[in-house]
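See structure below.
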Amino acid sequence: MYEFQKCVERYNGNYKMKSFSCWDQFLCLAFAQLTYRESLRDIEACLRAHQTKLYHMGFRGQVSRNTLANANQVRDWRIYADFAQTLIRIARSLYANEDFGLDLQEVVYALDSTTIDLCLRLFPWAKFRKRKGAVKLHTLLDLRGGIPTLIYITHGKVHDIKFLDHLGIEPGAIYLMDRGYLDFARLYKIHQSMGFFVTRTKRNFNFKRLSSHPVDKSSGLQCDQTIVVLNFYAKKDYPEKLRRVRFFDTEINKHLVFLTNNFSLPALIIAELYRCRWQVELFFKWIKQHFRIKAFYGTSENAVKTQIWIAISVYVLVAIVKKKLKLKASLYTMLQILSVSLFEKTPLFQLLSQIKPEEEKADSSNQLKLL
């Protein structure tokens, strides 16, 4: 609560506030995320039906549809973005030693974006196509725990490459990205910052082989080469040597060619690292399936960003609870229990520790798994 108030004061969020604070707004939208409310009227009706129980849930102001709509419209979305970043720092420290499938000491990130379609007539600021609107969630995901460390929300026309300009490169960290991020000037900035990247090449990629290294072809590896780029502008943007790894993936029956500036890791680890990039796609599918970020309670840019950041905050909060209470239940199971138990005064540990692993497996076998 103290950290949240610091975020509110930073942007003067409670200016001219009479009864409905930023905290009340956060609780309303968090409640909507956890219980899958469809609209502001739906939120108001459900909360007012349990008026006597709202105080112990943290509400101090009167819940009103018009007041909540106005708060979404005018209160700075950066309040909730900053609070989400505070929660993310806590979650990352808790999941710092989490296994993500490879025995590596380095911090590994996957970055990608997902598009959320919007009606251009209702969301005229969300430019995408001539008759279609959208927002993009550009995300940097820490593979240890599946925690989103950086999220950049833009309208749909912003190219994915521009997200690289917002990264604060960590020396020694590995960044996994698809070939949509292949921009040699920006990749060279990662290299100069002592970071490592793994990406895929495009079909028209021109290069000169300087040397080849032996590989075990039975593992799917086909070549491991040290190269330099030949294209005039690409060579100007990236004058250093690069490593090219060619791999045949039997699962998808496809040849994949990877490009990296990391010369110390085995070639097979480079291929396996890129396979781990799929976790960011899983994260996008998971939050779209379990949180309300495809239908919005307001049409302004501020309202949309507020709702998305509060959804991210709820996701990270549940991940923190799972780790701190040492729960074995999946996030999906925890969300399902919370959705029908928010008005109860049962302690969280007692509420969430009652599920048995075999029951969870039977009930959620078709659900996306995360954490």
Side-chain angles (χ1 to χ4, degrees), residues 1-11 13-14 17 20-44 46-47 54 57-61 63-65 67-91 114 116 118 123 126 135-139 146-154 283-284 286-322 331 334-335 338-339 342 370:
M1 187 65 177
Y2 171 72
E3 292 294 336
F4 184 83
Q5 288 303 322
K6 284 171 60 177
C7 298
V8 173
E9 292 169 5
R10 188 175 301 137
Y11 300 103
N14 285 332
M17 184 272 295
F20 192 77
S21 67
C22 291
W23 182 245
D24 290 324
Q25 180 189 3
F26 177 85
L27 290 177
C28 280
L29 294 183
F31 167 82
Q33 293 292 340
L34 289 170
T35 59
Y36 314 110
R37 297 301 98 200
E38 298 288 339
S39 64
L40 293 175
R41 189 182 297 277
D42 194 3
I43 298 171
E44 177 191 50
C46 290
L47 290 177
L54 296 186
M57 291 178 64
F59 289 94
R60 297 297 179 265
V63 177
S64 167
R65 173 171 51 92
T67 304
L68 180 56
N70 182 67
N72 292 342
Q73 179 81 18
V74 302
R75 288 180 182 164
D76 200 323
W77 61 269
R78 291 177 296 178
I79 297 170
Y80 309 102
D82 285 9
F83 183 56
Q85 290 298 332
T86 299
L87 297 175
I88 285 168
R89 286 193 292 272
I90 297 172
T114 187
I116 300 172
L118 298 172
F123 302 84
V135 293
K136 271 188 178 181
L137 269 65
H138 308 264
T139 302
I147 304 299
T149 62
L150 179 64
I151 295 179
Y152 182 52
I153 304 171
T154 67
F283 170 75
F284 289 142
W286 202 94
I287 61 172
K288 284 183 176 181
Q289 180 177 345
H290 298 295
F291 288 107
R292 294 202 60 80
I293 60 168
K294 293 192 291 184
F296 293 93
Y297 306 126
T299 57
S300 68
E301 183 177 3
N302 193 80
V304 169
K305 288 185 176 181
T306 295
Q307 185 172 332
I308 291 174
W309 276 112
I310 291 179
I312 296 299
S313 297
V314 172
Y315 167 81
V316 178
L317 272 171
V318 176
I320 290 172
V321 169
K322 173 181 169 64
L331 287 192
M334 292 173 65
L335 288 173
L338 289 172
S339 69
L342 289 182
L370 206 60

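Just so you know, these numbers use all the heavy atoms, side chains as well, and skip hydrogens, waters and symmetry mates.
- Nearest heavy atom pair, residue Cys28 against residue Ile43, reads O-CG2, 4.2 Å.
- Between Val304 and Gln307, every side-chain heavy-atom pair lies at or beyond the 4.5 Å cut-off.
- When the shell of 6.0 Å around CZ of Arg41 is examined, it contains 12 or fewer heavy atoms from other residues, nucleotides or ligands.
- Remark: side-chain polar atoms of Glu44 are paired, donor with acceptor, to backbone N or O of Arg65 under 3.5 angstrom.
- Inter-residue side-chain proximity for Lys288 and Ile116 is flagged as met; some heavy-atom pair is nearer than 4.5 Å.
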Trp286/Leu331 under side chain to side chain contact (heavy atoms under 4.5 Å, CB included): CA gap, chis, key distance, verdict: CA-CA 10 Å; Trp286 202 94; Leu331 287 192; 3.6 Å; yes
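- Ring-plane geometry between Phe83 and Trp23 is classed as perpendicular, the angle between the planes exceeding 60 degrees on a 0 to 90 degree scale with a lower cut at 30.
- Taking CZ of Phe4 as the reference point, atom CG of Leu87 lies at 10.0 Å (rounded to 0.5 Å).
- Checked against a 6.0 Å centroid threshold, the rings of Phe59 and Phe31 do not count as neighbours.
- No donor-acceptor pair under 3.5 Å is formed between the side chain of Gln33 and the backbone N or O of Ile310.
- Remark: Tyr80 OH to Thr306 OG1 distance equals 6.5 Å, nearest 0.5 Å.
- The backbone N or O of Gly13 sits nowhere less than 3.5 Å from a side-chain atom of Asp76 that would complete a donor-acceptor pair.
- Taking every heavy atom of both residues into account, Thr154 and His138 meet most closely at OG1-NE2, 3.0 Å.
- Taking all atoms of both residues into account, the shortest heavy-atom contact from Arg292 to Ala295 is NH2-CB, 3.1 Å.
- Using a 4.5 Å heavy-atom cutoff, the side chains of Phe20 and Ser64 are not in contact.
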Side chain to side chain contact (heavy atoms under 4.5 Å, CB included) between Ile153 and Trp77, worked out: CA-CA 11 Å; Ile153 304 171; Trp77 61 269; 5.9 Å; no
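- Side-chain N/O atoms of Asn70 and Thr67 include no donor and acceptor closer than 3.5 Å.
- Nearest heavy-atom pair, Leu40 versus Tyr297, reported as atom, atom and distance to 0.1 Å: CD1-O, 3.5 Å.
- Between the Arg37 side chain and the Thr35 main chain, a donor and an acceptor come within less than 3.5 Å of each other.
- Taking the side chain as every heavy atom from C-beta outward, Ile79 and Phe26 never approach each other to under 4.5 Å.
- For the atom pair CZ (Arg78) and SG (Cys7), the distance works out to 12.0 Å, reported to the nearest 0.5 Å.
- Here the straight-line distance linking atom CG of Leu29 with atom CD1 of Ile308 works out to 12.0 Å at 0.5 Å rounding.
- Between Lys6 and Glu3, at least one side-chain N (NZ, or NE/NH1/NH2) sits under 4.0 Å from a carboxylate O, which counts as a salt bridge.
- Residues Thr114 and Thr139 are not in side-chain contact: their nearest non-hydrogen atoms beyond the backbone lie 4.5 Å or more apart.
- In terms of heavy-atom proximity, Gln85 sits nearest to Leu150 at NE2-CA, 4.4 Å.
- Interatomic distance, Leu47 CG to Leu68 CG, rounded to the nearest 0.5 Å: 9.0 Å.
- For the pair Asn302 and Arg75, the tightest heavy-atom approach, listed with the atom from each and the gap, is ND2-O, 2.6 Å.
- For Asp24 (side chain) and Ser21 (main-chain N/O), a donor-acceptor pair under 3.5 Å exists by modelled atom type.
- Here the straight-line distance linking atom CG of Leu54 with atom CZ of Arg60 works out to 10.0 Å at 0.5 Å rounding.
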